[in-house]
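A short worksheet on the structure shown next.
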Amino acid sequence: MRLATWNINSIRMRVPAVLDWLQRTQPDVLGLQETKVTDDLFPGDALAEIGYSSVFVGGKTYNGVALISKEPATDVRIEYPLADIPEPRLISAVYGGIRVYSAYFPNGRDPESEHFQTKLAWIDALGQLVFAEAQEGGGSPTPMALMGDFNVAPEPRDVYNPELMEGRIHFTAEERAALERLRERGLVDAFRLVNEEPGIFSWWDYRQGMFRRNLGLRIDHVYTTADLAARTTGAYVDKDERRKPSPSDHAPVVVDFDVSAA
DNA sequence: ATGGTGGGTTACCCA
């Protein structure tokens with residue numbers, strides 16, 4: 001099973017890029033963030049023409065998330081407001097018995113701002129929600145893949161200059177601790193199970209030639225429950241996509257799982 | 001410390 005996550009920074013600006021990428025990459029499920037489109041204008045028809053079905057929730061100008069899949073989604077949940085943030089930042093659905101989330105974590109803006117505290121509260125509320133959903137029904141927990149733009153670089157090897165970035169937005173101790181709490185509860189950074197090198201990033205600021213100089217952050221993640229993580233077979237960031245004309249500021253992150261005997 | 005770039009029902013916007 002191939003899962004992918006991509007902050008697309010306007011789906012309408014990049015319909016041809018998404019169609020081309022899907023056809024070349026063939027993910028089973030792609031989570032998109034920052035679709036920046038109302039539901040009536042989501043390009044579901046163009047995706048359906050290449051064999052992908054879509055579920056989505058969005059709004060004008062900001063935010064918006066979607067799940068694009070080969071097999072139709074079941075038990076779709078549009079999950080907001082979360083922690084009192086009334087923005088479409090979370091959607092999930094079940095594919096092959098796995099609940100897959102596309103999540104757009106709040107940016108936080110500045111560690112001194114109220115938006116930063118709201119971000120931390122949102123992450124903790126997300127943790128409460130996903131584990132509660134996994135336990136529904138009382139039997140064995142539903143396997144899960146929580147993927148999206150987390151807006152947090154979890155470790156020093158995930159930022160281009162740990163000393164410079166320490167304490168700045170996306171790399172504060174508080175944000176790292178919030179992700180650590182997700183991992184302590186059983187989620188695993190599947191990417192890092194198979195790809196341990198430093199200097200692998202998923203986002204580069206549009207400004208100051210940051211991409212050209214490879215000054216970025218790894219803030220887009222695929223966190224899975226341990227049962228699924230144990231089946232991780234590969235992971236990569238599709239940096240070529242960020243090189244193209246008019247790219248999103250994020251590159252797609254792809255993680256493969258062998259679920260054949262699951 | 002600032003601003004650079006780029007998205008979008010172009011805003012004292014947000015990333």
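What you are looking at is a predicted structure, and each value in this text was computed from that prediction instead of being measured. Order of the sequence lines fixes the chain letters, A, B, ..., with proteins taken first and strands second; residue numbering starts at 1 for each chain. Side chains included, hydrogens not; waters and symmetry mates left out as well; all remaining heavy atoms used.
For Arg157(A) (side chain) and Glu196(A) (main-chain N/O), a donor-acceptor pair under 3.5 Å exists by modelled atom type. In this structure, Trp122(A) contributes its side chain and Phe105(A) its backbone to no donor-acceptor pair below 3.5 Å. Remark: side-chain polar atoms of Arg218(A) are not paired, donor with acceptor, to backbone N or O of Val152(A) under 3.5 angstrom.
Nearer to the 5' terminus of DNA chain B, by closest-nucleotide assignment, is the contact made by Ile11(A) (compared with the other of Ile11(A) and Asn63(A)). When the nearest nucleotides of DNA chain B are assigned to Lys60(A) and Arg109(A) by heavy-atom distance, the more 5′-ward of the two goes with Lys60(A).
Qualifying salt bridge (charged side-chain N to carboxylate O under 4.0 Å, His left out) partners for Arg12(A), counting only residues two or more places apart in sequence or in other chains: none.
Atom P of dC13(B) sits at a distance of 16 Å from the matching atom of dT2(B), rounded to the whole Å. The same atom, P, is picked in dA1(B) and in dT10(B); the two are 33 Å apart, to the nearest Å. Rounded to a whole angstrom, the distance from the C1' atom of dT9(B) to that of dC14(B) is 15 Å.
Geometrically, Arg176(A) engages Phe171(A) in a cation-pi contact defined by less than 6.0 Å to the ring centre and at most 45° from the axis. Relative to the six-membered ring of Phe211(A), Arg242(A) meets both conditions, a distance below 6.0 Å and an angle of at most 45° to the axis.
For the pair Arg168(A) CZ and dG3(B) P, the computed distance is 15 Å after rounding to whole Å. dC14(B) atom P lies 7 Å from atom NE2 of His115(A), rounded to whole Å. The interatomic distance linking Leu217(A) (CG) with dA15(B) (P) rounds to 15 Å, in whole Å. In this structure, Glu87(A) atom CD and dA15(B) atom C1' are separated by 13 Å, rounded to whole Å. The separation between Glu34(A) atom CD and dC13(B) atom P is 17 Å, rounded to whole Å. What separates CH2 of Trp204(A) from C1' of dA15(B) is a distance of 16 Å, to the nearest Å. Taking atom CH2 on Trp203(A) and atom C1' on dC14(B), their separation rounds to 13 Å, with Å as the unit. Between the CH2 atom of Trp6(A) and the C1' atom of dA15(B) there is a distance of 18 Å, given to the nearest Å.
Stems are defined here as 3 or more consecutive Watson-Crick or G-U wobble pairs with pairing distances under 3.5 Å; those involving DNA chain B are B:5-7 with B:13-15.
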Atom pairs, protein N/O to nucleotides 5-7 of chain B N/O, distance under 3.5 Å:
from: dG7(B); atom 1: O3'; to: Ser10(A); atom 2: OG; distance (Å): 3.2

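The distance from atom CG of Leu182(A) to atom CG of Leu126(A), rounded to the nearest 0.5 Å, is 6.0 Å. To the nearest 0.5 angstrom, Asn161(A) atom CG is 10.5 Å from Leu217(A) atom CG.
Note on ring orientation: taking the six-membered ring where Trp is involved, the planes of Phe201(A) and Trp204(A) are perpendicular (angle over 60°, cut-offs 30° and 60°).
The number of heavy-atom neighbours closer than 6.0 Å to CD of Glu71(A), taken from other residues, nucleotides and ligands shown, is 12 or below.
Within 4.0 Å (heavy atoms only), Tyr104(A) reaches sugar-phosphate atoms of the nucleic acid but no base atom.
Checking the phosphate oxygens (OP1, OP2) of dT9(B), a side-chain nitrogen or oxygen of Arg12(A) falls inside 4.0 Å.
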